[in-house]
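In this chain, residues are counted from 1 in sequence order.
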Amino acid sequence: MTILQAPRFSALRMLVVSVLLAAVTSAAGATIRYTVSLEHPERHIFHVSMEIPDVTGEVTVQMPAWNALYQIRDFSAHVREIEAFAGSERLALQKIDKQTWRIVGQGTIELKYTSYWDESGPFATQLNSEHAFINPAMILLYVPARRAGEVKLDLNQIPGGWTAVAALPALDESMGGAHVIEFSASSYDAMADAPIEIGKIDLFELPGMTPHVSVAVHGGKWSKKEMQEQLRRVCVYELKLMEGAPYEHYTFIIHLGEAAQGAGGGMEHANSTAIALRSTEQLPNLAAHEFFHLWNVKRIRPATLDPVDYTKEQYTRALWFAEGVTNTYAAYTMVRSQLWSKDQFYLDLSQQISDLEARPANRWQSAEESSLDAWLEKYPLYNRPQESVSYYAKGQVLGVLLDILIRDRTDNEKSLDDVLRAMNNEFAKKNKPYRDSLDVRLMAERVAGGSFEDFFGKYVSHAEPLPYAHIFSLAGLELRMAQRKRPMLGFFTERGASGEMIARDVDPESAAAQAGLRSGDLILSWNGSEPPRNPERWVFSQKAGSEVRLRVRRDDHEASIDFRIDEATETFYQVAENSHAEAKAKRIREGILHGTTQPVTAFVPKH
């Protein structure tokens, strides 16, 4: 999963995998059924009913503490007015902890409750007058002992003209004159891994795709022809790379423009993705990342995240591979499908390296440690450059370096592509999780025919400086350093629980601080209008010396703060081709750019 929000580097993408638990339900009579009403969507309240059949004595229910982000967000805080019934008889509920209730009863027990949600983005849930977007784990209780049993979800009181889309079997029907849409899933986990979009949706398919790929778009301005072509190229290339589709039908759910307020980005799911962006500019790269998660994360899954435990943090050392190397393949997809030029590919890699090397924490936090500490990303302090590095950026760079080494050792006959395909065959297709970094290393060694213990020990498990010069030279590349000036705000921002923008980490020497801005100030307006979605990105498009006019609230007082944008000098790393590279290195470079693995003696360059 990719997040595009401030700070860019450490947002978390989350993993939810299908889990086969020991509990077994018996036949269709044991199906747990949910009914969710969308009546009065402007009130942002889901009315939920949960029917639990075949209860013998008592039953325990829980609300997940996390989903879609590596953050404990306690979705039970959204639950109101929970009641339990057996027929017309009201039953007593005993609350065990913040997310667990126990009910004593027999036969079919019905729980009724409401859940308030109005948070935009692919990592949240929202109900308003424009649409509904549901991450099911955020509103649906579950029975821990029956997670593996079939579940059904009925949506009713759907506003006129709205339809629903999800990567689940669905039945659209009228009951007593009411419009009802029924979704079914083989387990609670499968239901939780299939977000639902309900509203006035533009729905179409990508041409020439088998199995089918659907696209559901809500909001924004966009070109259907352009979106179809870009997404089709992404899907066609990655399906060819990974030798076939692991799904029967795939769905892109895309929120654009005003519908993408708050945290933008993408969230991967077993047979779908949810993406939120203000414009379509970044859509192909983000889609390439999320679509590749079909294999890396959703099916090639680390043992430390399998099965999912909804009640507490799950720590893994593998996010540098699960997320970072997925970034590697998003960039590979873009250049190999000709959505990027090779110069754009080099620029993206340069930016990852520059971001990584600009963070003091890169000198001590390893890729594995960054993965373990993902659960700290909700704290602003942790996201400072001196406190952490991104497993996305570090993993992406490590993926490219490892690819070059594999190609060099095998005379360009094998590559990281072969490692991913082997991981898919050995683990995903056998429904077996891999042992974090260990099995990645062992598979790379099997493909390359030699040890990578030194590489993984120094650069994955520990934080030794990455050997850019040596490894890039093997692919006819070099890393150049340059100084450049850039505009700088002098502070960072974060989003509050309701989406409000808050100033953080104000540099006391900055013009903003001198004008009176303080950490914790609530930013009400920016140059007379709404604050930009990502001020840290916005400032890159401005000139040093340009004026910024803020309206802020501190405690119960409002104030205007005017300042001019500062200028900072930074080191920028640039990946470039070495015109004096040897023939083998040039062939490896071409292999990376085009996704080819041909022996040196048989290689014929493309013209």
Under the 3.5 angstrom rule, does the side chain of Gln344 hit a backbone N or O of Ser341 as a donor-acceptor pair?
yes
Do you know the tightest heavy-atom contact between Met227 and Val215?
SD-CG1, 4.0 Å
So which atom in Tyr434 and which in Ala318 form the shortest heavy-atom distance, rounded to 0.1 Å?
OH-CB, 3.9 Å
Do Trp340 side-chain atoms and Thr333 backbone N/O form a donor-acceptor pair below 3.5 Å?
no
Shortest non-hydrogen pair, Asn67 vs Ala192, comes out as ND2-O, 4.4 Å
When you compare the side chain of Leu420 with that of Phe321, does any pair of heavy atoms fall below 4.5 Å?
yes
Exercise: do Asn424 and Glu243 side chains pair donor with acceptor under 3.5 Å:
no
Geometric class of the Phe292/Trp295 ring pair [parallel <30°, tilted 30-60°, perpendicular >60°]
tilted
Set of salt bridge (charged side-chain N to carboxylate O under 4.0 Å, His left out) partners for Glu130, sequence neighbours left out
none
Measure the CZ-CZ distance between Phe572 and Arg480 for me, rounded to the nearest 0.5 Å.
12.0 Å
Rounding to 0.5 Å, atoms CG (Leu402) and OG1 (Thr328) come to a distance of 9.0 Å
Enclosure of Lys429 NZ (heavy-atom neighbours >12, cutoff 6.0 Å):
yes
Arg299 side chain vs Leu294 backbone, donor-acceptor pair below 3.5 Å
yes
Nearest 0.5 Å please: distance from the CD1 atom of Ile353 over to the CG atom of Leu401.
7.0 Å
Trace of the salt bridge (charged side-chain N to carboxylate O under 4.0 Å, His left out) decision for Glu229 with Arg232
CA-CA 5 Å; Glu229 177 60 18; Arg232 189 192 66 81; 3.4 Å; yes
Using a 3.5 Å cut-off and no angle test, enumerate the donor-acceptor pairs between side-chain atoms of residues 248-260 and protein atoms at least two apart in sequence or in another chain.
residue : atom : partner : partner atom : Å
His249  : NE2  : Ser214  : OG           : 2.6
His255  : NE2  : Glu197  : OE1          : 2.7
Glu258  : OE1  : Gln261  : NE2          : 2.8

Closer than 3.5 angstrom, by distance alone: can the side chain of Gln314 be matched with the main-chain N or O of Pro307 as a donor-acceptor pair?
yes
side-chain contact (heavy atoms from CB on, under 4.5 Å) between Asn425 and Lys430, intermediate numbers included
CA-CA 7 Å; Asn425 291 329; Lys430 296 180 180 179; over 6 Å; no
Side-chain donor or acceptor of Asn383 paired with backbone N/O of Glu377 under 3.5 Å:
yes
With a 4.5 Å heavy-atom cut-off, do Leu69 and Lys378 have their side chains touching?
no
Do Lys240 and Arg336 pass the side-chain contact (heavy atoms from CB on, under 4.5 Å) test, and can you show the C-alpha distance, the side-chain angles, and the key distance before you say yes or no?
CA-CA 12 Å; Lys240 180 180 178 181; Arg336 293 172 183 178; over 6 Å; no
No-hydrogen, no-angle side-chain donor-acceptor test under 3.5 Å, Trp320 and Ser366:
no
With the side chain counted from C-beta on, respond yes when Asn271 and Asp193 share a heavy-atom pair under 4.5 Å apart, and no when they do not.
no
Decide yes or no for Tyr329 and Leu416: does some side-chain heavy atom of the first lie under 4.5 Å from some side-chain heavy atom of the second?
yes
Please say whether more than 12 non-hydrogen atoms of neighbouring residues, nucleotides or ligands are located less than 6.0 Å from CD in Glu453.
no
List the steps and the verdict of side chain to side chain donor-acceptor pair (under 3.5 Å) for Asp417 and Tyr332.
CA-CA 10 Å; Asp417 299 357; Tyr332 280 177; over 6 Å; no
Pairwise side-chain contact, Val325 with Leu398, heavy-atom cut-off 4.5 Å (strictly under):
no
Could you check whether Asp189 and Tyr310, counting side-chain N and O atoms only, form a donor-acceptor pair closer than 3.5 Å?
yes
Nearest heavy atoms of Asn296 and Ala322, plus distance in Å
ND2-O, 3.5 Å
Using a 6.0 Å cut-off, check whether atom CD of Gln338 has over 12 heavy atoms from anything other than its own residue.
no
To the nearest 0.5 Å, atom CZ of Phe183 lies from atom CD1 of Ile196 at 5.0 Å
How long is the straight-line distance from CD1 of Ile588 back to CG of Leu593, given to the nearest 0.5 Å?
12.0 Å
Note: Ala166 and Pro195 closest approach over all heavy atoms is CB-O, 3.5 Å
Quick one: do Arg407 and Asp403 satisfy salt bridge (charged side-chain N to carboxylate O under 4.0 Å, His left out)? Show the steps, please.
CA-CA 6 Å; Arg407 290 174 181 273; Asp403 191 11; 3.1 Å; yes
For the residue pair Glu323 and His293, establish whether any side-chain heavy-atom pair is separated by less than 4.5 Å.
yes
Answer yes or no: does atom NZ of Lys432 have more than 12 heavy-atom neighbours from other residues, nucleotides or ligands under 6.0 Å?
yes
Taking Lys586 first and then Glu577, would you say they form a salt bridge - that is, a charged N and a carboxylate O separated by under 4.0 Å?
no
List the atom of Ala68, the atom of Met138, and the distance in Å for their closest heavy-atom pair.
CB-CE, 4.0 Å
Can you tell me how far apart CG (Leu477) and CZ (Arg589) are? Round to the nearest 0.5 Å.
6.0 Å
Check whether Tyr188 reaches the backbone of Leu140 with its side chain - one donor and one acceptor, N or O, closer than 3.5 Å.
yes
So do Tyr468 and Val397 actually touch side chain to side chain, heavy atoms under 4.5 Å?
yes
When you look at His462 and Glu368, which way does the side chain to side chain donor-acceptor pair (under 3.5 Å) test go after all the steps?
CA-CA 8 Å; His462 294 89; Glu368 288 188 335; over 6 Å; no
Just do the salt bridge (charged side-chain N to carboxylate O under 4.0 Å, His left out) check on Asp408 and Lys584 with the steps written out, would you?
CA-CA 8 Å; Asp408 179 69; Lys584 177 182 175 182; 3.3 Å; yes
Residue from Leu283, Leu277, Asp202 passing side-chain contact (heavy atoms from CB on, under 4.5 Å) with Trp222
Asp202
Can you tell me if Lys414 has over 12 outside heavy atoms packed within less than 6.0 Å of its NZ?
no
Has Arg441 got more than 12 heavy atoms of other residues, nucleotides or ligands less than 6.0 Å from its CZ?
yes
CA sep, side-chain torsions, deciding dist, call: Asp373, Gln365, side-chain contact (heavy atoms from CB on, under 4.5 Å)
CA-CA 10 Å; Asp373 287 343; Gln365 189 181 48; 3.3 Å; yes
Does CD in Glu582 sit with more than 12 non-hydrogen atoms of other residues, nucleotides or ligands closer than 6.0 Å?
no
For this output row, return yes or no: ring centroids of Tyr70 and Trp375 closer than 6.0 angstrom.
yes
Under the side-chain contact (heavy atoms from CB on, under 4.5 Å) rule, what do Tyr573 and Ser354 come out as? Steps first, then yes or no, please.
CA-CA 5 Å; Tyr573 293 83; Ser354 296; 3.7 Å; yes
If you define the side chain from C-beta out and look only at heavy atoms, does anything of Lys394 sit under 4.5 Å from Ser370?
no
